[in-house]
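Quick note on labels: first sequence line is chain A, next is B, and so on, each numbered from 1.
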Number of protein chains: 2
Amino acid sequence: MDSAQREVLQEVEKAWPQQVAYLQALVREPSTLGNEAGVQRLMQGTFREMGLEVHTFEPDLGALSHLRGFSPPEWGYRGRPNVVGIWAAGGTGGRSLVLNGHVDVVSPEPVSQWSYDPWGAQVVGDRMYGRGVLDMKSGVSAMVYAIRAIQAAGLRLKGNVVLQSVIEEECTGNGALACLDRGFIGDGCLIPEPFPEVLVAQVGVLWGRIKVRGSAAHVMSANRAVNAIEKTYALIQAMRELEARLNKEKHPAFREVAWPINFNPAILRAGDWPSTVPAECTLEFRMGFYPGTSAQEAQAMIREQLLGAAARDPWLKENPPEITFFGFQAEGTVVNFQESPVIQTLNAAHQKVTGRALTPFASTATTDSRYFLLYYNIPATCYGPRGAALHGIDEYVELPSVLEVTKVIATFIWEWCGLG
Amino acid sequence: MDSAQREVLQEVEKAWPQQVAYLQALVREPSTLGNEAGVQRLMQGTFREMGLEVHTFEPDLGALSHLRGFSPPEWGYRGRPNVVGIWAAGGTGGRSLVLNGHVDVVSPEPVSQWSYDPWGAQVVGDRMYGRGVLDMKSGVSAMVYAIRAIQAAGLRLKGNVVLQSVIEEECTGNGALACLDRGFIGDGCLIPEPFPEVLVAQVGVLWGRIKVRGSAAHVMSANRAVNAIEKTYALIQAMRELEARLNKEKHPAFREVAWPINFNPAILRAGDWPSTVPAECTLEFRMGFYPGTSAQEAQAMIREQLLGAAARDPWLKENPPEITFFGFQAEGTVVNFQESPVIQTLNAAHQKVTGRALTPFASTATTDSRYFLLYYNIPATCYGPRGAALHGIDEYVELPSVLEVTKVIATFIWEWCGLG
């Protein structure tokens, strides 16, 4: 490591208290779906302060809906911008880089189960607690402070760095897709999602909705009615069977993963009167599937499983469930650890900073990296800080890992782009 | 049948077109919980037009909550009055009578499944369709037009008739309880609920709520999380077992009833994000129980069943469901057909009008008659028009049965009170 590089890492250390405060500011923006404006104003301010060329724009459904990898939302994009900041190269001959992070977070409900304010960003020992602190505002802070450290050391890079602060990662991915469609691309991409090892594979993910019809009746004759809640349970069972089968017939990239494919019966709504047999039950679910299967093929597989189960039930046979898909229609990816230049450079940077090589990680969730890999042919991966309970109760990040990741990313950036 | 009586029945016939229009006006008031003001204004106008002494008052929770038979609501009574109309006796020596009908109706959802506007009161052939047309606005029209016919024939009765138009029959019964607590009582009571035969027994009914905790997590690790929706199904199964056991060990009054005790898993709410394992699931249910079991004993039985099932599940054992009760805490009743003066007089009236004796009916639902029977020692029963799908889709009444019931009730009134 030369002295310029050492200086960068010292700048990361020096700025660490500010980075922690910055991360707190990010977490204190409750940027759930539809409420990202506040955090994006903050990101815009950050990018301006860093002297980047800033682009703020809402995803345009008309432009996106014909693209490969598009997921149909059931919500709009007004007031919900992406923010892109470009740090122009100070030299030539290097590679350009996209650093992408999402600022949307999932709901913290049931908040009553939390021990900490999900929007409080409270620091307890080495941990910071809050919704989104791990997934993935720590990663966003790392990419920002990695660049800031290079700037603070007075260095320039030989390739552009494009910082993408995107919405919609948690539901469609259309935020990242909109950035790529607008031409905010690069020779490689790193997304500091909270994976302490490096992403080489990710499952595909579908969101869907099952609407089951029962026959409403006064509870006095409930034994002759059909309860939509209980009929829905039969379909949950059918999906559990599909899940079990897929986990038995594992894709090679997920051989080491105990349970790669997860079905989640997630949101259930039924009934409106205790003494009326519920005539309708709606279940929203999330289902994983393997790389190599298209989203359309996965939809067909799910339909077949559900309608097959329905056909074995006298009521559901006559009243088959309505099956629709919305949100994530995300396809899976597989990358060769040895052949990905981004992974190789990142691994070298990781070894330089930590003395330890990264190991390949196959994710049972999806990330925005799929767009770069599948539809824009840009080498990409995810790697980021350590913590627990993302999407759960008392989500937290281990702060020392954020500091380490920031150093690794700073090192990766200059190795990838080259110092100018 | 003497000529005065014949004249009354002719007046019922004569007023039939008006009664149908009146019933339509009642049905077109969408008097679901909290929205009874409109229909009660209509009832107030009716009672005034009939020359009754009218009392309009909201149930007073403070006064009611210490009474036997009280059910705890989770809503208030402001703007939701009962309306009572008293037709003072025109002679002495007769018996007084309460005619009680509820004007609250249950939600028509899912409206999309209806073939008719639930608030349209459309007449198709011999049927009128609409939410509440059967349960029990037809009965209300019958009690009003029975009195109107007696009045139109220029007759007076030897006992007071107290017409009670009450709220809350579908959820607590506190409307009827408030009438009785205010002293609006009588020597007997008839409630024209839509039972084409005469009520001799009714089950008890409890409403309750089960809150089940899971462990929220990102769906990527769903296999290590606990899905609150699926844990709730285990408790539904436990309640189905209790239901089956109670239906096997039948109360003698329900020997002829195929399935007297109904459990209804009615309203289920869980989750708020497709990719998050739901950490909480709330189920509202309705459960029947036999006469002779107190509401408290029934609560204990349900708790025991649910906590017993929870104890057999490793997660639920450590995280037992929260079980609470709200709304109906209604106890069951049994009456001897031969010994009830109201039933005997009604049966005679029915035979006079239709030529056919009534048969005893044991109801798998509760009615407001329980207050009269259990806590005020007033002989009471229910009897009324024929139809189908109460609390269901495309609820309707058979209009000819409404006409017949109106005649039977008119006959019953003069037989019970005596013509002055």
Between [options], which residue shows the highest count of heavy-atom pairs closer than 4.5 Å to chain B?
{"options": "S363(A), G208(A), A258(A), A279(A)", "answer": "A279(A)"}
{"options": "G327(A), G392(A), P274(A)", "answer": "P274(A)"}
{"options": "T364(A), V203(A), I261(A), N262(A)", "answer": "N262(A)"}
{"options": "N247(A), V205(A), I393(A), I229(A)", "answer": "I229(A)"}
{"options": "E280(A), E109(A), R213(A), E170(A)", "answer": "R213(A)"}

Practice task
Report yes if the distance between the aromatic ring centroids of W119(B) and W114(B) is under 6.0 Å, otherwise no.
Solution key: no
Handout entry: Proximity of F195(A) and Y383(A) rings by center, below 6.0 Å
Key = no
Practice task
Before giving the answer on side chain to side chain donor-acceptor pair (under 3.5 Å), spell out for S31(A) and K137(A) the whole-Å C-alpha distance, their side-chain angles and the decisive distance to 0.1 Å.
Solution key: CA-CA 10 Å; S31(A) 50; K137(A) 289 175 174 175; 2.8 Å; yes
Practice task
Take L235(A) and L316(A) through the test side-chain contact (heavy atoms from CB on, under 4.5 Å) and record every step on the way to the result.
Solution key: CA-CA 10 Å; L235(A) 299 175; L316(A) 291 174; 4.1 Å; yes
Residue, of [options], that accumulates the most heavy atom pairs under 4.5 Å with chain A:
{"options": "P265(B), A365(B), P278(B)", "result": "P265(B)"}
{"options": "W273(B), F285(B), W259(B)", "result": "W273(B)"}
{"options": "D272(B), I267(B), L390(B)", "result": "I267(B)"}
{"options": "G271(B), A225(B), C281(B), C171(B)", "result": "G271(B)"}

Below 4.5 Å from any heavy atom of chain A, which atoms of [X] appear? Answer side chain, backbone, both or neither.
{"X": "S215(B)", "result": "neither"}
{"X": "L268(B)", "result": "both"}
{"X": "E284(B)", "result": "side chain"}
{"X": "N227(B)", "result": "side chain"}
{"X": "Y233(B)", "result": "side chain"}
{"X": "L33(B)", "result": "side chain"}
{"X": "A389(B)", "result": "neither"}

Exercise for the section: Decide, yes or no, whether a salt bridge links K250(A) with E256(A) under the criterion of side-chain N to carboxylate O below 4.0 Å. Expected result: no
Exercise for the section: Return the orientation label for the F328(A) and W207(A) ring planes: parallel under 30°, perpendicular over 60°, tilted otherwise. Expected result: perpendicular
Using non-hydrogen atoms only, which part of [X] is less than 4.5 Å away from chain B: side chain, backbone, both, or neither?
{"X": "R240(A)", "value": "side chain"}
{"X": "T282(A)", "value": "neither"}
{"X": "E395(A)", "value": "neither"}
{"X": "S112(A)", "value": "side chain"}

Practice task
Give the intermediate values and the outcome of side-chain contact (heavy atoms from CB on, under 4.5 Å) for residues I167(B) and H102(B).
Solution key: CA-CA 6 Å; I167(B) 63 166; H102(B) 69 86; over 6 Å; no
Problem - Rounded distance (nearest 0.5 Å) linking atom CD of Q202(A) with atom OG1 of T367(A) - result: 3.5 Å
Exercise for the section: Could you check V105(A) against D135(A) for side-chain contact (heavy atoms from CB on, under 4.5 Å), going step by step and ending with a plain yes or no? Expected result: CA-CA 7 Å; V105(A) 303; D135(A) 183 11; over 6 Å; no
Problem - Heavy-atom pair with the smallest gap, counting every atom of E169(B) and T366(B) - result: OE2-O, 3.6 Å
Problem - Note, Y129(A) side chain near S115(A) side chain (heavy atom, < 4.5 Å) - result: no
Exercise for the section: Apply side-chain contact (heavy atoms from CB on, under 4.5 Å) to the pair F289(A) and Q299(A), showing each step before the final yes or no. Expected result: CA-CA 10 Å; F289(A) 61 98; Q299(A) 287 188 8; over 6 Å; no
